Amino acid sequence: MYRMLIVDDEEIITDGLADIFGKLNLDLDLYKAYSGQEALDLLNRTRVDIVLSDICMPGMDGLELMEAIRLNWPQCKIVFLTGHSDFNYVYQAIQAPDVQYVLKNEGYPKLIAAVERALQELADTLRANDLIRRSKEQLHTLETLAHGDYFRNLLFHDVLFERVLAEDFQRLQIPLDVSLPVLIALCNLTHAGTAGASPSYAERQETALAVKFLAEAFLAERTNSIGVIDRYGDLIWLFQPKRLIDGERTDAFEQTVMYLEGTFELILQACLESLDTTVAVTLSGEAFAWEGLPAVYDKMRRHQHDRTGDGTRMVQKVFPNEDAPASASIRSRSLRDKSEALAAHLEAGRRKEFMRLFDELAEPAAYEHGREDPNLTELCYTIALVLLSYINRWEVREIGSFGLMRLEDYHSWREALEFLKGAAEVLFSLRQSGEQKRAAGAIDKMCMYIEHNISEDLSLVRLADEFHFNPSYLSRLFKQERGVNLSEYIDELRIRKAKELLRKDELKVAEVGWLIGYEMPQSFTRFFKKWTGLTPQEYRTGSQSGDGSFL
């Protein structure tokens, strides 16, 4: 879903346009701002895809706002709506790329057409074929694999001295500065389709590379970055903000985090539409020194595993320096190649791939000749160690160790393998139920927060900041858990509270509006009448007259 921000210093125009576009089937998340500065505050907190703005406004005008948009969100489309006839304003607006200009007297059809055109341009941008082709011309797969080997080694060992790192980066042409801190993002990839055969290792590698190449087209403009594939088939991104042309300073890392959070949402949508691949992103909310890379990576993997819900198109932020329970390190394992792949599937929650490989490994047990076969002994205890390692690492308290190291109690290795397969099924089920419980718990906590802060800013962006989710994911998660849109839930809660206060005669109507989050009395009146068909005063008069229909 795309986001559109409507900006005008005249409240009646802003609210009216929001009502009109809210009734259209354009699949838009709508936001409102009543000044250029208020719009800029929102743009500094979250991604916006389309800005529909007046040009001539007091304080910050539309053209100044456009410059700020270009700095932070270069993909954003702008539609200027104005009655201003000054030629210089018009000329500056129409010269800028990705900008449309509509006069107020041209009517709503022209304006709606401009927004639809902007939506089409955004959709065209997200089509991946041309982006992948251009990226592949610039990046070579062999170089990507070489970078992957190097960073996989860094992730599982102590980071080298800065001097050695600098030499390695220069030799491998890694576009990052070892003297600056770094940001990291961990991207978990899953094929959206469930029909057909499971993807092979080569297909998963191709998918990861395609996601990497696609993302480069979005990220290259604002960041220096490198993307590599880790041992579990997931993408790891390392970022630093690009230096300005004059080389005198570096953009703030905080701004880069905001940019990455918003841009990854577009990337995730493009991956789903163009590659049939869903991606969940865990992003560091602050920069850290290179020597902290292994520990931060471990923390990112734990948060990826303990995510709320299924993670589909999620962008969650993790703060490396926040206090958190100590997690077991992701250590190198001495298991055979196929058991490492088995562990990777279990780690990533890929049930189908795990079971397919398990059946492949277990096939020799169908021809077993006795309990003394050393190959079957090794096979069973290797798989048992994979499961036990997972249970211990993620502290799965519900099932203990399942007696995984007492396989000799079974009559045959075939029976032991059936037991191990059942144990794996339980682990996958527990993981799924854990995601669902965490989702329900997070939404319950958010509903409690909304009830206790009904007079405060409860916009989707504000709640996303409070609960550390990106707005799109939070909106989908709430609808999934509660069956209604978040905005509808908040409006219904505010209406109930307003009715309760209006039935009493202790507060003025304007005070009631303020207590449920409306500073402007006329805005409260419009909101209340939209939901009830009555003005607040009409409702109060009716409820006090004893007419039960008003309750």
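Numbers for residues simply follow the sequence, beginning at 1. No experiment lies behind these values; they were computed from the predicted model shown.
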Over all atoms of both residues, closest heavy-atom pair of [X] and [Y]:
| X | Y | answer |
| --- | --- | --- |
| I226 | H147 | CD1-ND1, 3.2 Å |
| L342 | F358 | CD1-N, 3.9 Å |
| L346 | F428 | CD1-CZ, 3.8 Å |
| G309 | L477 | CA-CD1, 4.4 Å |
| D177 | W290 | O-NE1, 3.4 Å |
| L219 | F264 | CD1-CZ, 4.5 Å |

Any side-chain donor paired with an acceptor under 3.5 Å for [X] and [Y]?
| X | Y | result |
| --- | --- | --- |
| S472 | R3 | yes |
| D457 | S459 | yes |
| Q304 | N188 | no |
| T263 | R222 | no |

- [ ] Mind jotting down which residue pairs meet the side chain to side chain donor-acceptor pair (under 3.5 Å) criterion with at least one end in residues 432-451? Sequence neighbours excluded, please.
- [x]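 Of all non-adjacent pairs touching residues 432-451, those that pass side chain to side chain donor-acceptor pair (under 3.5 Å) are D444-R482, Y449-R462.
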[X]/[Y] ion pair, N-O < 4.0 Å:
| X | Y | answer |
| --- | --- | --- |
| E418 | R414 | no |
| D168 | R171 | yes |
| R163 | E167 | yes |

- [ ] Measure from the ring center of H305 to the ring center of Y390 and say whether it is less than 6.0 Å.
- [x]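 Yes, ring centres under 6.0 Å apart.
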Task: Nearest-0.5 Å distance, CG of residue L404 to CG of residue N392 - done: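 It is 9.0 Å, given to the nearest 0.5 Å.
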